[in-house]
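What follows is a single structure, written as structure tokens, with notes after it.
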Amino acid sequence: MSEHESRLEILRFGKMLHERGLIAATDGNISVRLHEGALLITPTCISKGMMSTEDLVVVDMHGRRLSGFRDVSSEIGMHLTIYRMRPDVNAIVHAHPATATGFAACGLALDQALISEVLLSLGSVPLAHYATPGTSELSEALEPFIPDHDAVLMANHGVVTYGGDLMQAYLNMETVEHFAKIALVVRQLGCEHPLAAEQVSKLLEMRQRIQHYKSEQRTRSRA
């Protein structure tokens with residue numbers, strides 16, 4: 001995508017996050033990798049559902065502003081860490097979906113094998129320990145989970161998801177919240193029946209094949 005197209009995409013998904021209640025007020029942030037040396041990211045202190053293309057900020061891979069008149073998101077360090085550790089990631093979404101964040105505030109990961117579709121799309125959603133937002137400690141808390149997961153709960157904070165493009169990063173966020181709602185109902189009913197280890201193994205093998213296929217498709221699209 002061109003930078004202009006990426007700006008329009010961030011506005012589109014920022015509005016969707018806001019309309020679907022995945023963020024409120026000035027919560028959350030979104031970024032897209034423009035090329036190896038620069039990112040496009042939402043600024044701090046603005047509703048992600050009410051932005052204009054001019055509000056977005058371009059930064060280098062050290063978080064220094066290259067263009068734009070607003071202040072860079074305070075969560076830039078988290079984004080930079082994920083991009084550094086995952087060259088396949090080209091977009092990141094951070095939000096505070098109510099149910100999933102409730103699990104995070106209770107110190108509960110979403111890692112039970114309850115739903116086959118979640119295992120296929122995300123595997124599991126681990127919980128990173130609490131760290132103050134906007135600090136290097138937050139990146140350090142996430143680092144153990146970034147290589148093998150596309151979504152992470154942050155204790156007493158929210159959720160971060162990422163993917164090969166912004167559509168995938170956004171869909172991962174929707175999946176986390178939908179799964180959290182299902183997991184909450186399961187807990188309320190009090191009769192959890194997780195998938196057996198053999199069933200989980202088969203699904204994870206399928207997930208690997210799907211991920212490999214997607215990677216090949218992205219490589220072909222760039223050629």
Side-chain angles (χ1 to χ4, degrees), residues 1-35 38-83 89-105 122 125 131-135 138-139 142 150-181:
M1 282 189 178
S2 68
E3 181 178 328
H4 179 67
E5 289 171 326
S6 294
R7 288 175 182 268
L8 293 176
E9 281 287 275
I10 288 178
L11 263 60
R12 172 191 173 199
F13 286 105
K15 187 174 183 179
M16 289 170 67
L17 288 165
H18 190 260
E19 289 177 342
R20 286 159 174 74
L22 299 171
I23 53 176
T26 61
D27 291 351
N29 33 78
I30 307 167
S31 70
V32 170
R33 194 196 300 265
L34 293 178
H35 48 75
L39 309 175
L40 182 65
I41 189 166
T42 52
T44 191
C45 297
I46 190 172
S47 168
K48 307 313 177 292
M50 306 176 193
M51 299 181 295
S52 68
T53 55
E54 292 78 15
D55 289 319
L56 305 181
V57 184
V58 177
V59 301
D60 66 16
M61 296 307 292
H62 299 285
R64 295 177 297 223
R65 186 172 56 190
L66 299 175
S67 66
F69 66 93
R70 289 188 175 273
D71 291 333
V72 179
S73 170
S74 61
E75 305 282 16
I76 183 62
M78 172 177 67
H79 290 249
L80 293 171
T81 298
I82 294 169
Y83 286 122
V89 165
N90 294 304
I92 298 170
V93 173
H94 166 49
H96 302 159
T99 313
T101 302
F103 273 80
L122 291 177
V125 186
T132 304
T135 66
L138 179 58
S139 293
L142 290 170
D150 294 333
V152 183
L153 298 182
M154 295 176 283
N156 305 94
H157 184 175
V159 184
V160 62
T161 59
Y162 31 96
D165 55 32
L166 189 49
M167 172 69 82
Q168 190 59 59
Y170 170 79
L171 291 177
N172 287 346
M173 184 63 71
E174 274 200 352
T175 299
V176 170
E177 178 64 358
H178 187 62
F179 179 41
K181 290 177 180 178

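- Val58 and Ala38 get closest at one heavy-atom pair: CG1-CB, 4.1 Å.
- The minimum heavy-atom distance linking Pro43 with Val57 is given by the pair CB-CG2, 4.1 Å.
- In summary, the side chains of Glu75 and Ser73 do not present any donor paired with an acceptor at a separation below 3.5 Å, with no hydrogens or angles considered.
- Taking CD1 of Ile76 as the start and OG1 of Thr44 as the end, the distance is 11.5 Å to the nearest 0.5 Å.
- Within the 3.5 Å criterion, the main-chain N or O of Gly28 finds a donor-acceptor partner in the side chain of Lys48.
- One N or O on the side chain of Arg33 and one on the backbone of Val89 form a donor-acceptor pair closer than 3.5 Å.
- Of all heavy-atom pairs spanning Ala169 and Val93, the tightest one is CB-CG2, 3.9 Å.
- When each of Ile92, Leu39, Ile41, Asp60 is paired with Leu80, the side chain to side chain contact (heavy atoms under 4.5 Å, CB included) condition holds for Leu39 and for no other.
- In this structure the side chain of Ile10 reaches within 4.5 angstrom of the side chain of Met51, judged on heavy atoms.
- Of the residues listed (Glu5, Glu3, His4), the one engaging Arg7 in a side chain to side chain donor-acceptor pair (under 3.5 Å) is Glu3, and it is the only one.
- More than 12 heavy atoms of other shown residues, nucleotides or ligands fall within 6.0 angstrom of atom NE2 in His35.
- Nearest heavy-atom pair, Phe69 versus Asp55, reported as atom, atom and distance to 0.1 Å: CZ-OD1, 3.7 Å.
- Note that OG1 of Thr81 is 7.5 Å distant from CG of Leu142, once rounded to the nearest 0.5 Å.
- Residues His96 and His157 come closest through the heavy atom pair CD2-O, 3.4 Å.
- The one candidate from Asp150, Val160, Val125 that meets the side chain to side chain contact (heavy atoms under 4.5 Å, CB included) condition with Asn172 is Asp150.
- Without hydrogens or angle criteria, Ser139 side chain to Gly77 main chain gives a donor-acceptor distance under 3.5 Å.
- Put simply, the side chain of Tyr162 reaches to within 4.5 Å of the side chain of Val152, judged on heavy atoms.
- Under the 3.5 Å distance criterion, the side-chain polar atoms of His94 are matched with a main-chain donor or acceptor of Val159.
- Of all heavy-atom pairs between Arg65 and Arg70, the closest is NH1-O, 2.8 Å.
- Ion pairing between a basic and an acidic side chain is recognised when a charged N comes within 4.0 Å of a carboxylate O; Glu177 and Arg20 show no such pairing.
- Rounded to the nearest 0.5 Å, atoms CD1 (Ile30) and OG (Ser6) are 12.0 Å apart.
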